[in-house]
Every structure is written in structure tokens, then in C-alpha cells.
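Take a look at the structure set out below.
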Amino acid sequence: MTITLKQMKYALAVARTGHFGQAAEECAVSQPALSQQILSLETLCGTQLFDRLKSGIRLTPFGCDFIERAKPAVAAAEALDDFALRRGGRLDRPIRFGLIPTVAPYLLPEIFPALTEALPQIKFTVSESRTEAMLESVQSGALDLALIASLPPPGGPKLTLFPLFEDAFVLATSQSEMPDGPVSLEALEPGRILLLDEGHCFRDQTISACRLEGGRSTRTFAATSLSTIVEFVANGQGVTLLPQTALRKEASDPRIAVHRLDDPQAGRQLALVWREATPLTDTFEQIGRVIRAARTHPQVPISR
């Protein structure tokens, strides 16, 4: 017996989710079927890949090494499969498309109708995750395409970056705080700037824009969405930066006031990213052009 591609895919899913049930759902198989394949794989390897703990699943040291070697093997096999299908003029599965949480709820209502109309032959499965996890999924082949707002780190498989558009930042305050003219980021009181929790690229971009490194304290909430932060702002408990793409949804509350910044560099670059070694490059570029064209500007009053 030899290790199969199916077993490697299942092992990657368990490592990614940390849960047999979630991995089985992701792989569209029953949990007993997935568990049996993992047990067979561990028997072939002569040791466990995963520690089964009450708190969840954890990779063993051998499992960590195995997963790192399985990732490029699975990605190469899927790339070959896609290549063969594309040569035959078809792609018989949906494109696996990931978006970061500070983009997905704001852009999806705009771009998905446009993608459906412009590219009706293409189907999508959509997931939402943080940048680091999505880039890992793109590199491993679990995702075909991701929409991100920060540059991928160096190293690993080569990735193609397709710039979409600049997403400028604005300042959101309560209506009771109405500064005159464009706001200087240097003038903001660090202790009143509300941030997302660790791991969000938008948190890091806000820290960079406001030059908060070097010990300048900030108030940080264990919030995973901008909507939670905006609710604090609406109640006068601080201020925050928002990307313009989020304004239609997050600044519709009449308790919120939105102000321009005097720093034209304060913003982020949205981009698509995919593995360089893919036969779907033309398709991904088509998707990128549709997203660019579908972009609309928020109809939200911004103080000058």
C-alpha cells in the first residue's frame, strides 16, 4: 500500500481546521470515512500524525513534518488536474475564492452580481478568513484565489499579485465630535483609537497609518469585526479608521460622522493573489477585471 492523494488532502484539512468533523465537512465526506482514511495513513506511516485531545486535534512533531511535505504534493496534483481540464476547455468544479473579513461583507454584494453576469460559466465557493490563513490555503492549494489587502510574506511558492484598487482610509467619530477640515493622524489621541484584535491586517494597517508603534498606547478590543468597533464609536467611546469600501455599511448610522484625512497615503491596496503555477491565470485575470469595473463609491457624506 502507498499513501494516496485523498489521504494527504484529508490530513491537510484536519491540520487546517483542527477538527475531524469540520475537515470532513470541508472535504464533503462523512466523518467516519475521513477518520478511517487518517487512521490508514497513520498505519502506513507507522506513527500518529495527530494527537487526539479533549480540547481538539493537534499535530505531532512527525505530523508537522508530514503536512509540510504534503502541501506541495497536493497543490501540484491539483494544478495538474486543473491544467488537464482547462486544456479540454472546461473546469468541472467551482473556483475556491477567499476574502478577508474587512473586505468580504462590503465588496461581495457588489462584485458577485457582476461576476455572475460577466462570467456565468464560472461557479464559486466563498470563504472568509484572515490573511495569513488564506495565503497558507492558496499556497497549499486549498484555495484557488484570495482577495487580500497586504503583501504576501517572502518565501514559499511563488504567488501572482493582481492589483485591484486603492481603498483610502477615513476617520469615523461620533456626531458629537466634529473636527474642522481634514484630520491629522498625528493629532489623534492614541488612547482613543479603537482597533481590531490581533491577527487582522487592518489592525496592523491602522497602527502603521497612525504611527502607533514605539509604545504609544491604544485601546484594543477583542473584536473580530469593524461593526463592533463602530458601535463603540457611535456611543462616543473612541474613534477609529475605516476603509472607504466599508462606509456604505458601517457609516450609515446617523450617530456616526466620517472625516477626511490629511494624509493621502493612509489607505490599503486591495489585490487578488493566486499561485503562479496555475493554468487558471487567464480566468483569474478576468475575475480581477470584473471586480475593478464593479467597484462603486460609497454614497456617504464625508466631512471636508
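Because the structure is a prediction, the values reported are computed rather than measured.
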Would a 4.5 Å heavy-atom cut-off, applied to side chains only, mark [X] and [Y] as touching?
X      : Y      : result
Val239 : Leu194 : no
Phe162 : Ile287 : no
Glu128 : Leu99  : no
Val138 : Arg275 : yes
Phe97  : Leu143 : no
Thr102 : Arg268 : yes
Thr283 : Ile122 : yes
Lys123 : Ile95  : no

Salt bridge (Lys or Arg N to Asp or Glu O under 4.0 Å) pairs, two or more places apart, involving [range]:
range            : value
residues 20-35   : Arg16-Glu26
residues 224-236 : Glu231-Arg255
residues 236-245 : none
residues 37-51   : Glu42-Arg52, Asp51-Arg58

Non-neighbouring partners of Leu44 that pass side-chain contact (heavy atoms from CB on, under 4.5 Å), sequence neighbours left out: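 Residues passing side-chain contact (heavy atoms from CB on, under 4.5 Å) with Leu44: Met1, Ile3, Gln7.
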Please name all residues satisfying side-chain contact (heavy atoms from CB on, under 4.5 Å) with Glu166, sequence neighbours left out, ordered by chain then number.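 Gln269.
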Quick one: list whatever passes salt bridge (Lys or Arg N to Asp or Glu O under 4.0 Å) with [X], sequence neighbours left out.
X      : value
Arg96  : Glu78, Asp144
Asp262 : none
Arg69  : none
Glu68  : Lys71

Would you check if the side chain of [X] reaches a backbone N or O of [Y] as a donor-acceptor pair within less than 3.5 Å?
X      : Y      : value
Thr125 : Pro94  : no
Thr60  : Gln48  : yes
Asp167 : Gln244 : yes

Considering all heavy atoms, the nearest Leu272-Phe284 contact: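 In this case the closest contact between Leu272 and Phe284 is CD1-O, 4.0 Å.
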Atom CD of residue position Glu136 - does it have more than 12 heavy atoms of other residues, nucleotides or ligands inside 6.0 Å?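 Open.
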Say whether Ser40 and Thr43, considering side chains only, have a donor N or O and an acceptor N or O under 3.5 Å apart.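 There is no such pair (donor and acceptor under 3.5 Å, judged by atom type) between the side chains of Ser40 and Thr43.
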Applying the 4.5 Å side-chain criterion to the ILVMFWY set and letting contacts propagate, would Leu39 and Phe66 be lumped into a single cluster?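 Hydrophobic grouping puts Leu39 apart from Phe66.
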Can you list the residues that meet the ring pair (Phe, Tyr, Trp, His ring centres under 6.0 Å) rule with Phe112, with sequence neighbours excluded?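 Ring pair (Phe, Tyr, Trp, His ring centres under 6.0 Å) check on Phe112 returns Phe124.
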For Phe169, ring pair (Phe, Tyr, Trp, His ring centres under 6.0 Å) partners two or more places apart: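 Phe169: ring pair (Phe, Tyr, Trp, His ring centres under 6.0 Å) contacts with Phe202.
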